[in-house]
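Just so it is clear, the structure is predicted and the values come from calculations on it, not from any experiment. Reckoned from all heavy atoms, side chains included, excluding hydrogens, waters and symmetry mates. One is the number of the first residue; the rest follow in order along the sequence.
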Amino acid sequence: MPEFTAYPTHTPAWVDVASDDVAASVSFYSGMFGWAAPATADAAGYRLLTLRERVVAGIRPRVAGETRPVWTVGLAVAELGGECERVLAAGGSVVAPSLDAAGAGRLAVVRDPEGAPFGLWQAGALPGVELANEPGTWCWNEVLSGDLDAAIAFYGGLFGWNAERMPREDAVYYELRPAERAVTGLMPVADRWATPMAPHWVVYFVVESCDAAVARAEALGGEVLAPAVDVPVGRFAILADPAGAMFAVVQFAPA
């Protein structure tokens with residue numbers, strides 16, 4: 001069982017979605033991935049989402065400065081204040097310096113110099129999500145950038161990540177890694193979208209059937225942004241929930 005009890009500093013540890021209607025988002029993602037929301041929202045409106053009684057994500061109200069509902073990847077840090085200062089010094093910006101995630105931890109929402117939002121996660125009761133890399137849970141993320149060299153310099157300087165270009169014929173693709181394990185992908189935003197889109201992070205969730213997940217998202221009121229296609233690792237699609245928050249689903253090929 002892919003359970004997690006600790007996350008190295010400056011590696012992805014948390015995912016949550018900002019919503020204008022938390023109850024509606026709970027309903028969508030419960031239908032989409034079989035998640036439960038066992039407790040009512042805390043005073044700030046934050047909900048923790050679980051699968052088999054393990055926390056897999058959060059849902060929170062959208063905060064001032066977030067222009068639209070969006071999924072956020074939170075990178076593990078020891079202390080939010082100093083890390084937010086480092087983001088500012090590196091040319092990024094801070095949207096929300098400290099959001100309480102229902103006692104699980106605290107999240108700062110920041111942006112890289114191109115405006116792509118991501119998070120900084122300071123653990124509380126939980127080190128991060130407790131379950132990942134299996135159907136119905138988060139498994140991967142990518143940065144889609146308009147300036148790959150600038151993104152490599154920003155994230156590398158801030159978190160010590162090295163960039164390794166992958167041998168792919170279909171796209172320019174890098175893996176960013178602090179050591180031997182990749183923590184996120186990086187690719188040009190123009191390679192993923194036929195129409196112009198701002199730089200952003202994409203969150204991936206494992207599904208047993210990509211085509212079934214696409215149909216389920218549409219039935220629940222979501223939107224297909226990029227239809228299911230076969231890729232070297234399996235089959236994936238990019239979707240949006242009814243509020244417009246984008247996410248990807250991937251069905252991995254048999255080992």
Trainee: Report yes or no: does N141 contribute a side-chain atom to a donor-acceptor pair with the main-chain N or O of V183 at less than 3.5 Å?
Mentor: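 Checking the backbone N and O of V183 against the side chain of N141, a donor-acceptor pair under 3.5 Å is found.
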
Trainee: Please list, chain by chain and in numerical order, all residues satisfying side chain to side chain contact (heavy atoms under 4.5 Å, CB included) with D230, sequence neighbours excluded.
Mentor: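 Checked D230 against side chain to side chain contact (heavy atoms under 4.5 Å, CB included); matches are R235.
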
Trainee: Which heavy-atom pair separates S98 from R106 by the least distance, and what is that distance?
Mentor: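 In this case the closest contact between S98 and R106 is OG-NE, 2.5 Å.
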
Trainee: Looking only at heavy atoms, which two atoms of W161 and T184 are closest? And how far apart?
Mentor: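 Taking W161 first and T184 second, the nearest heavy atoms are CZ3-CG2, 3.9 Å.
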
Trainee: Could you tell me whether a side-chain N or O of W201 sits under 3.5 Å from a main-chain N or O of G119, the two making a donor and an acceptor?
Mentor: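 No, because the side chain of W201 does not come within donor-acceptor range (under 3.5 Å) of the backbone of G119.
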
Trainee: Give the minimum heavy-atom separation between L186 and S145, together with the two atoms involved.
Mentor: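 For L186 versus S145, the nearest heavy atoms are CD1-CB, 3.9 Å.
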
Trainee: Please report the shortest heavy-atom distance between A101 and W14, naming the atom on each side.
Mentor: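 So the two residues come closest at CB-CZ2, 4.5 Å.
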
Trainee: Taking atom CD as the centre, does E53 end up with more than 12 heavy-atom neighbours from other residues, nucleotides or ligands that are less than 6.0 angstrom away?
Mentor: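 At most 12 heavy atoms, drawn from other residues, nucleotides or ligands, come within 6.0 Å of this atom.
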
Trainee: State which residue, out of W138, Y29, F33, F236, fulfils the ring-ring contact (aromatic ring centres under 6.0 Å, His included) condition with F205.
Mentor: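 In the set W138, Y29, F33, F236, the residue that makes a ring-ring contact (aromatic ring centres under 6.0 Å, His included) with F205 is F33.
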
Trainee: Any idea which heavy atoms bring V95 and G65 closest together, and the distance?
Mentor: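 Shortest heavy-atom contact: CG1-C, 3.8 Å.
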
Trainee: Considering all heavy atoms of both residues, which atom of R216 and which atom of G31 are nearest to each other, and what is their separation?
Mentor: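 Heavy atoms of R216 and G31 come nearest at CD-O, 3.4 Å.
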
Trainee: Tell me, please, which residues at least two apart from R177 pass salt bridge (Lys or Arg N to Asp or Glu O under 4.0 Å).
Mentor: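 Expected list: E164, E175.
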
Trainee: What residues form a side-chain hydrogen bond (donor to acceptor under 3.5 Å, both in side chains) with Y7, not counting sequence neighbours?
Mentor: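 Testing Y7 for side-chain hydrogen bond (donor to acceptor under 3.5 Å, both in side chains), a comparison that skips the adjacent residues, returns none.
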
Trainee: For residues Y155 and Y174, establish whether the separation of their ring centroids is below 6.0 Å.
Mentor: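 No, the ring of Y155 stays outside the 6.0 Å limit from the ring of Y174, centre to centre.
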
Trainee: For E218, does the CD atom have more than 12 heavy-atom neighbours from other residues, nucleotides or ligands under 6.0 Å away?
Mentor: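 Above 12, so yes.
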
Trainee: Are the charged groups of R60 and E66 less than 4.0 angstrom apart, N to O?
Mentor: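 Here R60 pairs with E66 in a salt bridge, since their nearest N and O are under 4.0 Å apart.
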
